[in-house]
Amino acid sequence: MDNIAIARVLREIADLLEIKNENPFKIRAYRNGADIASNHPHDLAALDETGLREIPGIGKDLAARIREIAETGDAGFHRELVAEFPPTILDLLNLQGVGPKTVATLYRELDIRTLDDLERAAQDGRIRALRGMGTKKEALILKALDERKRFAGRHLLPDAHDAAAALVSHLRERAPEAVVEPVGSLRRGCDTCGDLDLLACGAPPSLIDDFVEYRLVERVLGQGDTRSSVRLAGGFQADLRLVAADSRGAAMQYFTGSKAHNIALRDRAIGRGLKLNEYGLFRIGKETRVAGEREEDIYGALGLDWIPPELRELGGEIEAAEAHALPRLVDVADLRGDLHTHTTETDGKDDIRTMAEAAKAAGLEYIAVTDHSRSLAMANGLDERRALDHAARVRAIDAERIGVRLLAGIECDILPDGSLDLADDCLAALDLVVVSVHSAFNQDRQQMTDRILRAIEHPHVDIVGHLTGRKILRRPAYALDVEAVVDAAARHGVALEINCQVDRLDVNDVHARLARDRGVPLVISTDAHSRTAFGRLRWGVLIARRAWLEPANVLNTRPFDAFRASIRRNRRGAA
Ligand code: DGT
Ligand code: CA
Ligand code: CA
Ligand code: ZN
């Protein structure tokens, strides 16, 4: 039981007490306890009651409760509270802007138990009539419900990845001899996942029980002998299927998808007198098994090279596999540099040297320090003077040859009219210029396209950062003619960034592939704001792989000197 899980139970106790309108001191004690648990540097589960009580803010009751949670995965008190309310009431709490007080009022006054109840009441105008609510609150609730529906049940890939990893390690502990693997959209590296699909091969049937007993399971949605579905805390749904050793490859292939890829593969099998399903590849009529244990053999028996999961979207991968022409996809290990990082000089948390050391520890050979420019005032953006002083400091550290090379760059804002935020001579004096849009997102498509085209035409621009401005599951890309931008980037030798911030992943796989097809170089950058961010290069790499990128398409796979020679400002005859 980790601190986060303990905190979750404590917070839920506080929420439920508040819905019950209990003593405010008691509520506050549990809420404080939850905060302490989530911020405590050491494992609370490892402490006994005396040890717990030594922590300021943890009294006798709370200590006993934490011990109980640590030992049994839950507290009796928590279960009793949950039993007092319809189980759906916690869904209401997860809505943006709806706290326990609101839920309590809705439940008591209008008997609202589910999201559907809530939506009906809001649409009928019954919420505004409640004391302390009003039309504004009602509108907010409708908006939150709408957003929930739009992004219903989807999760950022890294969140899905973490949730799956924790669940997989739980299952591996229970069945060390089994092979447990994620499949579905998670294995294909999609930027969002609907649910977590897991396969277990060579596991005893009891693994299904271990699965539904996992500490984060909130509700069991279905359970059979060889499969089960559950709802996890945090809103994830997870599916587990047990498969026999001789159909492991077939099951992996089938449940990895995508559905469109599977259908094409199945049709190909039929064309060859074969039948493909999750149990294997069979000769029709004789019912003999042609393949099933290994994915490679299934593809092989269909006359195809094995296709990396990231390509299984029915985007030409089957033809390429048949022609032995699949790309050699870029890998995390191919990356040597990071071209977008921030420091304490603007809104980063760590200084130049700390960032450089962290990059080195992450195995990188070079980074560009690209702090913000002037107009991003809330990030303390740099004017020309500060940008050049900062560059001098970056170069001084680089001159020490500390084991990672540094480029003195900038992330320069593209102003609403397409001009750049810093003077030309300043931009010319730097080693690398990334440009990005951080304002006026609501321009119309033509304005936004012209704006970015104008920036690309600027001779000192090397890379466009997070081109489309999307925030995954939060806000769509702004209106933009990406194709026109890609063509301009190709003409001017400007690279496009795959930004690795987990909710950006911008450009996305489709745009990155378009860029590759039109000869635009790409870079994969962290946009790190702290020393811990270099690990997220892996998410950008998945986008790159889904875009069919090979190492040669990605400039930061090159050694330092070759990278430097490849950016626009250093290329002879660059436009
Ligand atoms: P998601 O969960 O929305 O992020 O996307 P997936 O691709 O993980 O979809 P999911 O979980 O519904 O199904 C997992 C895989 O199982 C899917 O990628 C392909 C396979 N699959 C599911 N339903 C069908 C089907 O009706 N026909 C075929 N051929 N394959 C299916
Ligand atoms: Ca799935
Ligand atoms: Ca599924
Ligand atoms: Zn940035």
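Indexing begins at 1, ligand by ligand and atom by atom, following the structure's order.
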Does a salt bridge link R231 with E218, judged by any charged N lying under 4.0 Å from a carboxylate O?
-> yes
Q) Hey, is atom 12 (O) of ligand 1 under 4.0 Å from any protein heavy atom? A) no
Judged by atom type as modelled, is there a donor-acceptor pair below 3.5 Å linking the side chain of H460 to the main-chain atoms of L430?
no
For C193, the atoms of ligand 1 under 4.0 Å from one of its heavy atoms are 4 (O)
Protein heavy atoms near atom 25 (C) of ligand 1, is at least one of them under 4.0 angstrom away? yes
Checking distances from the Ca ion (ligand 2), one finds that the N, O or S atom of D197 closest to it is OD2
Margin query: If the threshold is 4.0 Å, N to carboxylate O, is there a salt bridge linking K275 and E287?
Written below: yes
Within-4.5 Å side-chain heavy-atom neighbours: T354 and E357:
no
For T256, the atoms of ligand 1 under 4.0 Å from one of its heavy atoms are 18 (O)
For atom 2 (O) of ligand 1, the closest protein heavy atom turns out to be D195 OD1, 3.0 Å
For this session: Determine, for E313 against R188, whether the closest basic-nitrogen to carboxylate-oxygen distance falls under 4.0 angstrom.
Result: yes
With a distance cut-off below 6.0 Å to the six-membered ring centre and an angular limit of 45° from the axis, does R241 pair with F255 as a cation-pi contact?
yes
From the list I498, I543, T468, side chain to side chain contact (heavy atoms under 4.5 Å, CB included) partner of D506 resolves to T468
Restricting to heavy atoms, the pick from R241, K259, Q237 nearest atom 23 (N) of ligand 1 would be K259
| said: Closer than 3.0 Å to the Ca ion (ligand 2): does that hold for any N, O or S atom in D195? | reply: yes
Quick note on ligand 1: atoms under 4.0 Å from a heavy atom of G184 include exactly 8 (O)
**Message:** Ring centroids only, cut at 6.0 angstrom: are H438 and H372 within range, meaning strictly under it?
**Reply:** yes
If you scan protein heavy atoms around atom 9 (O) of ligand 1, the nearest is D197 OD2, 4.8 Å
Is there a donor-acceptor contact under 3.5 Å linking the side chains of T526 and D338? yes
task = For residues Q253 and Y299, determine if any side-chain heavy atom of one lies less than 4.5 Å from a side-chain heavy atom of the other.
result = yes
Counting heavy atoms under 4.0 Å, the part of N262 that contacts ligand 1 is side chain
Worksheet entry | Residues R569, D462: salt bridge by 4.0 Å N-O rule | yes
Quick note on ligand 1: atoms under 4.0 Å from a heavy atom of R188 include exactly 7 (O), 18 (O)
- Item | Lys/Arg-Asp/Glu bridge criterion (N-O < 4.0 Å) met for R386, E345 | yes
heavy-atom search around atom 14 (C) of ligand 1 in the protein gives F255 O, 3.6 Å
With a cut-off of 2.8 Å, strictly less than, protein N/O/S atoms near the Zn ion (ligand 4) add up to 4
for atom 17 (C) of ligand 1, nearest protein heavy atom and its distance come out as G257 CA, 3.9 Å
So, for H155 and H161, is the gap between ring centers shorter than 6.0 Å?
-> no
>> Between ligand 1 and C190, can you find any atom pair, the residue atom being a heavy atom, that is separated by under 4.0 Å?
In response: no
Of R470, H466, R536, the one forming a side chain to side chain contact (heavy atoms under 4.5 Å, CB included) with L505 is R470
for atom 6 (P) of ligand 1, nearest protein heavy atom and its distance come out as S185 N, 3.8 Å
Residue, atom and distance of the protein heavy atom nearest atom 20 (C) of ligand 1 read Y254 O, 3.2 Å
Check this for me, if you would: do R187 and E295 make a salt bridge, where the nitrogen-to-carboxylate-oxygen distance has to be below 4.0 angstrom?
yes
Decide whether the shortest distance between a heavy atom of R154 and an atom of ligand 1 is less than 4.0 Å. yes
